[in-house]
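Here is the structure we will look at, set down as structure tokens.
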Amino acid sequence: MAVKIKRKRRERFTLHSYFLPSDVQYPRASAMQPLTERNSRYVSYVTPWKNCHLLHATYSKPDYITDDIINEVKSFVVQKGYYQDLLSALKEAVSPANAYLTDNDLEAIVSLMHENGTRWFKARLEDGLPFLLKPADLQDDMVAARRRVRDELQNRGVLEDKAGGVAEVWCSKFQAVELRGRVMGHWSTSVCPWLYDRQKDAAKEKAIVKFLNEGGTWIDQIITHHHGRSALSKLRKRAWFHTGNTFIRPQTGANVTAPIGPGCRKPDAVLMDTTKPIDSIEWADVISALEIKYRNTKSLMEQAIEYMSEIARLVLTNQINRRYFVGLLLLGADLFVCTYTRGGSSVTLPIDIYHDVDEFLNCMAWFKHADLEFLGYDKSIVRHSRGFKMALKGKSESTHGTIADVVSVIYNSNSAIGRSTRILGLTYQPSSAAEMDNLIVKDVWQDIRIASDGDIHKLLEDSGRIDETRKLLGSEFPERIFKTPEEAKLTEELFQSWGIRPEWDDLNSEGMHPWHLPIRDDRFSVEALEMTDGNNGHQALDSVPVILQDMTTASDPLIHRRTVFRTPAVKCTWSS
């Protein structure tokens with residue numbers, strides 16, 4: 001008789017409880033909405049701006065970027081006339097009228113008027129209507145704005161005559177030509193181009209990039225003024241560069257210095273270290289990227305996210321020291337932060353840079369001054385003038401703090417999703433008197449639910465298990481699998497391309513391992529790599545759930561692992 005087995009419903013696996021401390025607050029699923037991405041294995045989840053812990057966590061930004069610094073920068077730009085601030089202007093108008101209103105009342109009026117003005121501009125863009133109104137229509141709109149402000153003040157207990165006077169004074173401050181009768185907070189066009197427009201051209205893109213860099217300059221000035229000239233040494237030398245007309249080229253292949261491989265793109269702007277030459281930009285130089293669209297619509301948003309996903313792939317596959325990528329989208333005046341990892345991605349809800357000035361300045365300060373680790377770099381791989389150095393986790397005192405030179409990229413996955421396997425050739429000299437040692441490192445983002453490479457090779461290297469297997473298989477157990485002439489030729493060519501000749505297990509005199517088994521270097525740890533948790537400053541497992549904490553409810557449980565071998569390759573037939 002056949003027995004019917006009832007299958008258990010498969011639940012999506014989550015590692016939040018495994019990777020993170022119990023006091024971490026997670027976003028509600030209802031706050032996360034998936035964005036459809038074309039040609040993508042993963043969807044990007046929309047998360048509230050405040051949930052982007054990379055920007056807001058205590059330890060993810062330098063200690064000299066504080067709320068007081070951001071407030072001082074805002075006061076500076078308002079005083080200079082660079083930013084037309086609705087709230088401060090309303091407070092000035094209300095004060096002489098002796099109209100006693102709370103900050104919450106004033107902020108509510110400001111938000112209402114700004115939202116109305118923003119909605120008007122977006123509707124005109126959507127409908128294809130001209131911004132230039134007839135004089136009579138413009139006058140009617142200004143009268144309507146004053147009436148609305150007066151009514152809002154009266155509803156909060158201000159007498160009619162005082163309310164009318166405040167409305168007149170306040171609205172008269174916001175009759176700039178570009179506002180067309182609206183009452184909105186906005187950046188002066190002397191520093192930032194008008195963002196509600198029907199076109200995007202190179203001149204406007206360059207003006208936006210200049211504005212972002214000026215914002216960085218203002219922040220640096222306030223930091224220096226607040227902390228003194230001693231702070232200059234702490235400030236990062238980064239800037240945004242317009243690249244809308246510049247092809248950024250890849251840096252992939254067997255040689256880390258060989259500019260070959262697919263993937264030339266022209267992002268609107270990139271963030272780079274200004275201490276490096278910018279005559280020829282490669283993906284290896286890109287810290288972050290900015291994609292600009294002239295307005296925020298569903299179709300333009302989809303295009304921007306798809307393009308930024310491709311930029312993220314090129315950065316992650318061309319930088320051997322990159323763990324994840326953080327980029328920016330500017331659609332009209334709406335600014336989004338995008339985070340891409342090997343196991344999922346997240347896009348914040350936007351802030352309006354015409355209204356949410358504090359958040360905007362904090363975001364610009366973070367991109368300019370945050371430690372590279374929080375911008376997605378691997379702290380164990382350091383770039384220098386002659387290449388890269390990698391810190392290896394030693395298991396004993398003799399190998400503790402081991403630094404090896406990366407001499408070759410033997411294999412580099414073109415995928416930024418999933419394992420993203422990368423094989424690196426290293427040279428390591430244990431001491432000045434010792435000979436140079438050649439090592440092979442396998443770097444992967446591995447699903448925590450399956451055995452790691454290190455665990456598998458521990459079993460393969462167990463001579464007792466090998467003896468048991470020999471007893472079971474008898475004559476079928478392969479004592480040796482010799483190379484064919486073609487394999488010997490390919491091996492020699494591989495050695496020549498690497499520039500090194502590693503020690504093969506063929507020379508293993510102890511006979512502990514089957515022929516052509518990769519020999520793991522047991523001097524080095526196979527434990528997962530670690531990262532700094534921005535919420536508490538402690539070390540945590542370098543994993544997708546920790547990187548994306550608070551920013552998504554669905555991600556693959558991938559963890560960053562590295563295994564060191566003394567033998568770089570084996571015949572595929574051995575594994576079978």
Side-chain angles (χ1 to χ4, degrees), residues 233 236-237 251-258 273 275-276 282 284-285 287 316 318-324 371-412 420-446 452-454 457 495 497-503 518-533 537-543 559-568:
S233 60
R236 316 283 182 182
K237 307 298 183 182
Q251 182 172 322
T252 60
N255 188 335
V256 291
T257 61
D273 187 333
T275 61
K276 296 176 182 176
E282 296 177 336
D285 305 317
I287 297 173
L316 290 172
N318 280 274
Q319 296 186 12
I320 65 171
N321 59 335
R322 203 62 181 260
R323 299 158 43 240
Y324 60 88
D371 189 281
L372 286 176
E373 182 184 3
F374 294 104
L375 279 157
Y377 283 81
D378 188 335
K379 63 183 179 182
S380 67
I381 302 179
V382 180
R383 187 178 183 182
H384 60 93
S385 58
R386 292 176 294 175
F388 293 89
K389 289 185 178 293
M390 176 185 287
L392 300 175
K393 295 179 69 173
K395 291 181 65 177
S396 62
E397 277 192 32
S398 61
T399 55
H400 182 70
T402 296
I403 302 295
D405 288 302
V406 179
V407 296
S408 179
V409 179
I410 300 168
Y411 173 79
N412 186 38
S420 304
T421 302
R422 185 175 282 129
I423 309 296
L424 305 173
L426 277 62
T427 58
Y428 161 57
Q429 190 170 18
S431 66
S432 57
E435 293 184 1
M436 190 70 72
D437 200 355
N438 297 308
L439 305 173
I440 302 296
V441 168
K442 182 178 182 181
D443 186 286
V444 298
W445 288 81
Q446 190 166 25
S452 68
D453 289 317
H457 280 275
F495 283 170
S497 69
W498 294 346
I500 59 175
R501 182 174 293 277
E503 292 293 330
I519 302 177
R520 181 181 56 85
D521 196 324
D522 56 12
R523 293 174 298 177
F524 301 101
S525 172
V526 295
E527 295 179 0
L529 275 67
E530 293 181 336
M531 59 173 281
T532 304
D533 188 334
H538 298 160
Q539 293 299 294
L541 295 178
D542 190 8
S543 60
I559 189 168
H560 194 186
R561 292 188 180 276
R562 208 171 271 160
T563 310
V564 183
F565 295 94
R566 294 200 300 273
T567 304

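Since the structure is predicted, the reported quantities are computational estimates derived from the model, not experimental observations. Hydrogens, waters and symmetry mates play no part in the numbers below; they use all other heavy atoms, side chains included.
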Exercise: identify the closest heavy-atom pair between L529 and S380: CD2-OG, 4.0 Å
Crowding at CD, Q429 (>12 non-hydrogen neighbours, <6.0 Å): yes
Backbone N/O of R561 and side chain of Q446: donor-acceptor pair under 3.5 Å: no
Nearest heavy-atom neighbours spanning D542 and W445: OD1-CH2, 3.5 Å
Under 3.5 Å donor-acceptor, Y324 side chain and F374 backbone: yes
Separation between NZ of K442 and CG of D453, rounded to the nearest 0.5 Å: 3.5 Å
Non-hydrogen atoms of Y428 and T402 that approach each other most closely: CE1-CG2, 3.1 Å
D437 side, atom CG; R523 side, atom CZ - distance, nearest 0.5 Å: 5.0 Å
Distance-only donor-acceptor check, side chains Y411 and R422, under 3.5 Å: no
Flag, side chain of R323 to backbone of M531, donor-acceptor distance under 3.5 Å: no
Test side-chain contact (heavy atoms from CB on, under 4.5 Å) applied to V406 and V441, I320, T427, the passing residue: I320
Spatial distance of atom CG (L439) from atom CG (D405) [nearest 0.5 Å]: 11.0 Å
For the student: nearest non-hydrogen atoms of G454 and T563, plus distance: N-OG1, 4.0 Å
Spacing of CD belonging to Q539 relative to CG belonging to D533, to within rounding of 0.5 Å: 9.5 Å
Minimum heavy-atom distance between Q319 and D285, given as atom pair plus value: NE2-N, 4.3 Å
Separation of L392 CG from I403 CD1 (nearest 0.5 Å): 7.5 Å
Listed partners of D371 passing side chain to side chain donor-acceptor pair (under 3.5 Å), at least two apart: none
Under the side chain to side chain donor-acceptor pair (under 3.5 Å) test, residues paired with S452 that sit two or more places apart: D455
Under 3.5 Å: donor-acceptor pair, side chain of K393, backbone of A528: yes
Considering all heavy atoms, the nearest I410-I440 contact: CD1-CD1, 3.5 Å
Those residues that, when tested against R562, pass salt bridge (Lys or Arg N to Asp or Glu O under 4.0 Å) (two or more places apart): D378, D443
